[in-house]
Protein chains: 2
Amino acid sequence: MAYKTEYLTQRIRAAREAMKMSQRELSARSGLTQSHISQIERGTMEPGLSSLVDVARALDLEIVLAPKKLMPAIRNILESASATSDTLTLEQRKLVGRLERWFAQFRDGFAIASEADTFRDSLALLRHLPLSADELDRLKDATERLDRWQADPPSSKELSEFAHSVRQLRNSAVHRDRDDAIPRSAYALEEEDDNA
Amino acid sequence: MAYKTEYLTQRIRAAREAMKMSQRELSARSGLTQSHISQIERGTMEPGLSSLVDVARALDLEIVLAPKKLMPAIRNILESASATSDTLTLEQRKLVGRLERWFAQFRDGFAIASEADTFRDSLALLRHLPLSADELDRLKDATERLDRWQADPPSSKELSEFAHSVRQLRNSAVHRDRDDAIPRSAYALEEEDDNA
DNA sequence: ATTTTTCATACAGAATAATATATAGAGAAT
DNA sequence: ATTCTCTATATATTATTCTGTATGAAAAAT
């Protein structure tokens, strides 16, 4: 009777094993008993919501309620995080990191605060989403503008334009269909994210 | 007792209300009793996981376990689908208006007449449909192409592509599911056509 | 071969979720 | 005012979780 939530409890077990934590240790961290955890993982019993929250927290996981329609985009993020990193994502992270550091300094340059927030959040996404070669180029272009702005600070209009172009980049990466997703060495399927 | 799952149950209530669904209707859809739902939403009782799953499903929501470090990225996606404001819709109308004026001039550029008609109809819809932040971005991108075409007129192939992208935009706005619909209250009634 | 660790399982009892049903109050609609 | 809908709340009963504790079996480490 318990497989309505099986996909969640299986993820719990996978997460625990991925960080090489024993049921006993998880028990200590979460406050549930070991026997309880065993039953949850096995599907012998359906946990209460609060138990799941406790266990998830202990595994550095968060419970999110997401509209079904957004699930492809969210899966994109979850998978890209567990996908093996290749040279593309390495450079990508370097670039995003540079943009983030720049933003920390230039945040006040934004005329509108919400625009600055949007920009920061777009960066958060770009750090985790797979990019095509073309998109990576655009990301590179963006960081190159930073160089020009070292000497000559941008106007708020330029900044706004800049933020928009970064957001465009984010959009194209987020809403990519999984079918034409960037080919990667091994696209891990949902249930086997236990590769470090 | 202070429940640690209140952030989830609050989202349930918010989702239900956003869809204008009564507790009774949700009760019918989810299989829980109305009284049960009331207590969950109020926080007087903590639901079991399976109850939460049932309710979430009935609201077209999915429960996701996400690594904490990915939360900024995920929040970004969740917000981009629901964020909207008055200023945004104002901008939306400005953009659509611009596209419409442009179309009045460039209508002959379309190789196929039906394509032009479809384009015009898409615009008419876009004027009245609530758009997410993402969709507004795409709309903005579209109008920016117009700028480039001031000097350098588009080929009929480019034009066709352009019309297609606008139509896609229209589709995503039209076929949005109830659950993540943009709350209309702010601008549902304030619409008087400003003719171009 | 022995010890340790890890996981599955069992059981009793306390705590709490969940059902079914009913009702009261608030607000909206007629 | 009367009727309707919606939400909160109450009560009694059943069902399930959860704890605490203990044990067996398999696997790993010594």
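Since the model is a prediction, treat every value here as computed from it, not as a measurement. In what follows, chains are A, B, ... by sequence order, proteins preceding strands, each numbered from 1.
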Novice: Is the shortest distance from a Lys or Arg side-chain nitrogen in A:E62 or A:R57 to a carboxylate oxygen in the other one below 4.0 Å?
Specialist: yes
Novice: Write down the distance between CG (B:L49) and C1' (D:dT16), rounded to a whole number of angstrom.
Specialist: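 Between C1' of D:dT16 and CG of B:L49: 14 Å.
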Novice: Report yes if a side-chain nitrogen or oxygen of B:Q23 is closer than 4.0 Å to either non-bridging phosphate oxygen (OP1 or OP2) of D:dA8; otherwise report no.
Specialist: yes
Novice: Taking only Lys NZ, Arg NE, NH1 and NH2, and the carboxylate oxygens of Asp or Glu, determine whether A:D117 and A:R107 approach each other closer than 4.0 Å.
Specialist: yes
Novice: From the set C:dA22, C:dA8, D:dT17, return the single nucleotide nearest to any side-chain atom of A:S38.
Specialist: C:dA8
Novice: Between C1' on C:dT4 and CD on A:E25, what's the gap in Å once rounded to a whole number?
Specialist: 16 Å
Novice: Tell me the interatomic distance from B:L26, atom CG, to D:dC6, atom C1', rounded to whole angstroms.
Specialist: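 It works out to 13 Å between those atoms.
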Novice: By nearest heavy atom, map B:G48 and A:H36 onto DNA chain C; which one lands nearer the 5' end?
Specialist: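 Here A:H36 is the residue nearer the 5' end.
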Novice: So, is B:S51 near the phosphate of C:dA18, with a side-chain N or O under 4.0 Å from OP1 or OP2?
Specialist: yes
Novice: Check whether any side-chain N or O of A:R24 sits under 4.0 Å from OP1 or OP2 of C:dA8, and answer yes or no.
Specialist: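 Result: no.
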Novice: What integer distance in Å separates A:K20:NZ from D:dA27:P?
Specialist: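 Distance, rounded to whole Å: 19 Å.
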Novice: Send over the distance from B:Q39 CD to C:dA17 P, rounded to a whole Å.
Specialist: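 So the two atoms are 9 Å apart, to the nearest Å.
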Novice: Does A:R42 have a side-chain nitrogen or oxygen under 4.0 Å from the phosphate oxygens OP1 or OP2 of C:dA8?
Specialist: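 So the side-chain polar atoms of A:R42 do come within 4.0 Å of the phosphate oxygens OP1 or OP2 of C:dA8, strictly under.
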Novice: Starting at atom CD1 of B:I37, determine the distance to atom P of C:dA18, rounded to an integer number of angstrom.
Specialist: 12 Å
Novice: For the residue pair B:E115 and B:H164, establish whether any side-chain heavy-atom pair is separated by less than 4.5 Å.
Specialist: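 A side-chain contact is absent here, since even the closest heavy-atom pair is not under 4.5 Å.
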Novice: Would you say a side-chain N or O of B:R16 is under 4.0 Å from OP1 or OP2 of D:dC6?
Specialist: no
Novice: Establish whether the base of C:dA20 is bridged to the side chain of B:Q34 by a donor-acceptor pair shorter than 3.5 Å.
Specialist: no
Novice: Side-chain donor-acceptor pair under 3.5 Å between A:H128 and A:N76, yes or no?
Specialist: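 No, A:N76 and A:H128 have no side-chain donor paired with an acceptor closer than 3.5 Å.
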Novice: Go through the side-chain N and O atoms of A:R170 and B:S80 and say whether any donor and acceptor fall under 3.5 Å apart.
Specialist: yes
Novice: Heavy atoms only, 4.0 Å cut-off, all strands: where does B:S22 land among base, sugar-phosphate and nothing?
Specialist: sugar-phosphate
Novice: Quick one: on DNA chain C, does A:R13 or B:G31 contact a more 5' nucleotide (nearest heavy atom)?
Specialist: A:R13
Novice: Using whole Å, report how far CD of A:E41 lies from C1' of C:dT6.
Specialist: 11 Å
Novice: Nearest whole Å is fine: how far is D:dT17 P from A:E46 CD?
Specialist: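 Those two atoms, CD and P, are 7 Å apart.
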